[in-house]
Amino acid sequence: MKKLFWFFLGFVWLISPLTANAEATIQNSSLVVYDDSLAENWLNWSWDSEVDFSSIDVVYNGSHSLRVRYNTGWAGLSLYKGYIPLFGMTALSFMVYAEGSSDQPLRVFANFDNGQEGPEVRLTVRSGQWQEVVIPLGQLNPEQRKIVRLNWQNASSQGNRTVYYDEIAFIQTLSADSPQVLSAEYRAHSIAAGGSLLVVRASVDDPQGRASIRGVSLMSDVAGWIPLSLYDDGLSNDGQSSDGIYGVATTLSPGLAGREVDLYIQAEDINGNVVTQYAGTLAVLNPLASSIPAGLPQKLGWGSNAWSEDPSEDWQKNTGLPWNYVYQYITWGWENWGGQFVSRFVNHAWDNGYVPVVTVYLMLGATGGIESASNYASELQKSSVVQAYLQSFEKAIDEAAGDKPVIFVIEPDFYGFMQQLSNSASRPDGVSPDDPDTFVVALNKNGYANTLSGFGQYLIDQIHRRASNVLAAPMVSMWGVNRDPQTASESEMLDYAVRTAGFMQKMGADRADLITVEWSDRDAGRGIRPWWDDRDTDLPRPNRAILWAHHLGRLLNKRLLLWQVPVGNMDLNNTCDYPEVGGRYQDNRAAYLFRYPRDMWEAGFIGILFGGGDECSTQVWTDGGHVESNARAYYQPPAAPQGLSVVGVEGALVYLRWQENLETDVTGYRLYYQQESGGAVGYITAGLRNAVRVILPTQGRWRMWLTAYDLNGGESSSSAEVLAETVEDAQRVYLPLVRR
């Protein structure tokens, strides 16, 4: 008889059958690398080998196996993934089969995120039969570093050898009696170190009953992490006491700032059975040193591209919401759009209380309409092209001049294209990687070099010279280094941010007012761009993009503008009927932004602008009301907190708890207190905790009530009042007065 044990851990996990004579309580849970196909986001980095991920020649289980033809001696099968959460995993397991009549020696090793090789494990694969191999991770990774690459190398000088692989996975050995982590969540996915509270919750059960659970901890594999206990006491952001939900609210060490931290829930029972579940990745942010330019909203703002001079079609105004920004492209020939177009747009925005954002997209048309970095590089060497561009650019600046702020988003993709070209094999002669000084541009302006650097600096300086109210916000692309930070290791991602900041600094970004970034120009549901994991458990993911932009902003000492966010949501049907209506494609990033607005604010973003990148992209007027309804909820103050109660009184100390608000933009609670007989009202701030101790000044009966406040500055109405009676005065401490 075979027993089948089911165990779910929130990634890709397998279920293993056990034979009757095996220990009936043992099973493996697995993080799959290959099983009939290569798992998502793994890349083939093999060398001197032919790799077929869909072979049907020799299959161990399922429909396919991985076939490798080692063409030369010392050739290798190599699989790369920039991010692999392995804490709690115990071994690398795989099935292997050598074709032919002779055995095959292999050398198995890993690479870490700095490229360094780990220790090797040598083995010999028997020919003509499947062999199970289980390598303890302690042999491949004794120092528990970040693995990003797995290698199976031909360990002989003989080439033309074929080996089959199947069921490659990292495994964790568990007891069927182990506790079960049913779910886990953390309230912020990007958070400033040393300041804001990280709230983590986990639902945990045990086959022997909850009373068997000894403890639940928040763990990480990052160096220096101290395990944090989660509690099911109703006082730890955990719901009700003894309901199986465990929680903790904590701040993060400043030493973690600028890092990605993988979070794991670990539960142990009274018999010593342990289970570890990956919850997701947290982006830990540095404190912000940059300031928001004067005149702009001193808070996180929202906007779109949905405006019109026809009042009946002015979507943004007709929502009746207090939007902060509105944006509009200008392209080559904008001067012929009815005359004074920039001036009309800017004044329309001002009249409605918005900050106008002019997206300057002139380079494509000025250089002949061919979107190509090589074409830009060639055309910018022509003085006539450069002067015509500057004439149009400067006219737009002049029309935006006034006494209220205007933002110029300068040339989406252009900076990225040029940096990408500098890092390509086809870069022009004399051009060096990441160096705009080495591109020739026929600028011909006193005080500026005839280079791409000089051109970029001149654009920003002209904005400031011609219109003091206009803010320069050059657009920075994530892919300028010719690699994608969303598929890279953490250390590579940081390196890409440094290189991109260096390129942009030479082009004048350090003298700009803001930096603009973009997440994608298309909804993911169109199949043109990849889906991002909005749980932040795998790459690509939103908080990787947030951390990359945060580093960029810190390196350039600028605040950030997120421009042209895909508008799609998961209730749409992935269709386009342009020109009748337009696109209705799915995406998950708009919902993510409304779910984690505090993350964006703490990362340095001051504005989020929604808009589709082309005619078939979802727009705010085709999204079924998703952006409008979420924005309406954001701009409203929170609901009054519920469930305020007195847990206990000890001397002058009163202990209270309440139910957490459901709004995602709530940033804290204020507990007010006043003597029952009247008098002055005091309050304390509890942050995001759902329980607090308050020391009341004097003995007596006290009225207390609670409000919630949000990121937009709104404060809720008051909760129901509670009464508490203290039995002694608070102790007073008298400090000596020192006079000089």
**Request:** Could you list all the ring-ring contact (aromatic ring centres under 6.0 Å, His included) pairs where at least one residue sits in residues 47-67, not counting sequence neighbours?
**Result:** Y60-W130
Sub-4.5 Å side-chain heavy-atom contact between [X] and [Y]:
{"X": "N151", "Y": "L77", "value": "no"}
{"X": "D587", "Y": "V567", "value": "no"}
{"X": "W225", "Y": "V261", "value": "yes"}
{"X": "L421", "Y": "S426", "value": "yes"}
{"X": "Y70", "Y": "N160", "value": "no"}
{"X": "S477", "Y": "E518", "value": "no"}
{"X": "Y246", "Y": "I265", "value": "no"}
{"X": "Y278", "Y": "T537", "value": "yes"}

Do [X] and [Y] get their side chains close enough for a donor-acceptor pair, meaning under 3.5 Å?
{"X": "N423", "Y": "D434", "result": "yes"}
{"X": "Y496", "Y": "R483", "result": "yes"}
{"X": "D484", "Y": "T487", "result": "no"}
{"X": "Q419", "Y": "S422", "result": "no"}
{"X": "D177", "Y": "N271", "result": "no"}
{"X": "T281", "Y": "R544", "result": "no"}
{"X": "Q266", "Y": "T276", "result": "yes"}

**Request:** Assess R535 against Y592: is NZ or CZ under 6.0 Å from the centre of the six-membered ring, and within 45 degrees of the ring's axis?
**Result:** no
Under 3.5 Å donor-acceptor, [X] side chain and [Y] backbone:
{"X": "N114", "Y": "Q116", "answer": "yes"}
{"X": "S30", "Y": "V32", "answer": "no"}
{"X": "D599", "Y": "S190", "answer": "yes"}
{"X": "T500", "Y": "A497", "answer": "no"}
{"X": "Q586", "Y": "N569", "answer": "no"}

By side-chain contact (heavy atoms from CB on, under 4.5 Å) - contacts of [X] (at least two apart):
{"X": "P207", "value": "Q180"}
{"X": "L123", "value": "F94, L106, V108, V125, V133, I135"}
{"X": "E120", "value": "R107, F109, R122"}
{"X": "L86", "value": "L31, I84, M89, I147, F170"}

Can you list the residues that meet the ring-ring contact (aromatic ring centres under 6.0 Å, His included) rule with [X], with sequence neighbours excluded?
{"X": "F503", "result": "none"}
{"X": "W479", "result": "F417"}
{"X": "Y165", "result": "W152"}
{"X": "F87", "result": "Y264"}

**Nearest heavy atoms of R522 and R526, plus distance in Å** = CD-NH1, 3.3 Å
**Asked** What closest approach, in Å, do N41 and D538 show between heavy atoms, and which atom pair accounts for it?
**Response** ND2-OD2, 3.3 Å
**Item:** Separation between CG of N141 and CG of N111, rounded to the nearest 0.5 Å
**Value:** 11.5 Å
Salt bridge (charged side-chain N to carboxylate O under 4.0 Å, His left out) contacts in which one or both residues fall within [range], not counting sequence neighbours:
{"range": "residues 43-60", "result": "D57-R67"}
{"range": "residues 145-156", "result": "K146-D221, K146-D262"}
{"range": "residues 87-101", "result": "none"}

**Request:** Report the relative orientation of the aromatic rings in H189 and Y186; use parallel for angles under 30°, tilted for 30 to 60°, perpendicular for over 60°.
**Result:** parallel
**Prompt:** Salt bridge between R589 and D534, side-chain N to carboxylate O under 4.0 Å?
**Reply:** no
**Item:** Working for side chain to side chain contact (heavy atoms under 4.5 Å, CB included), residues V96 and Q131
**Value:** CA-CA 5 Å; V96 62; Q131 177 180 346; 4.2 Å; yes
**Request:** Please say which of F439, Y415, F414 ends up in a ring-ring contact (aromatic ring centres under 6.0 Å, His included) with Y376.
**Result:** F414
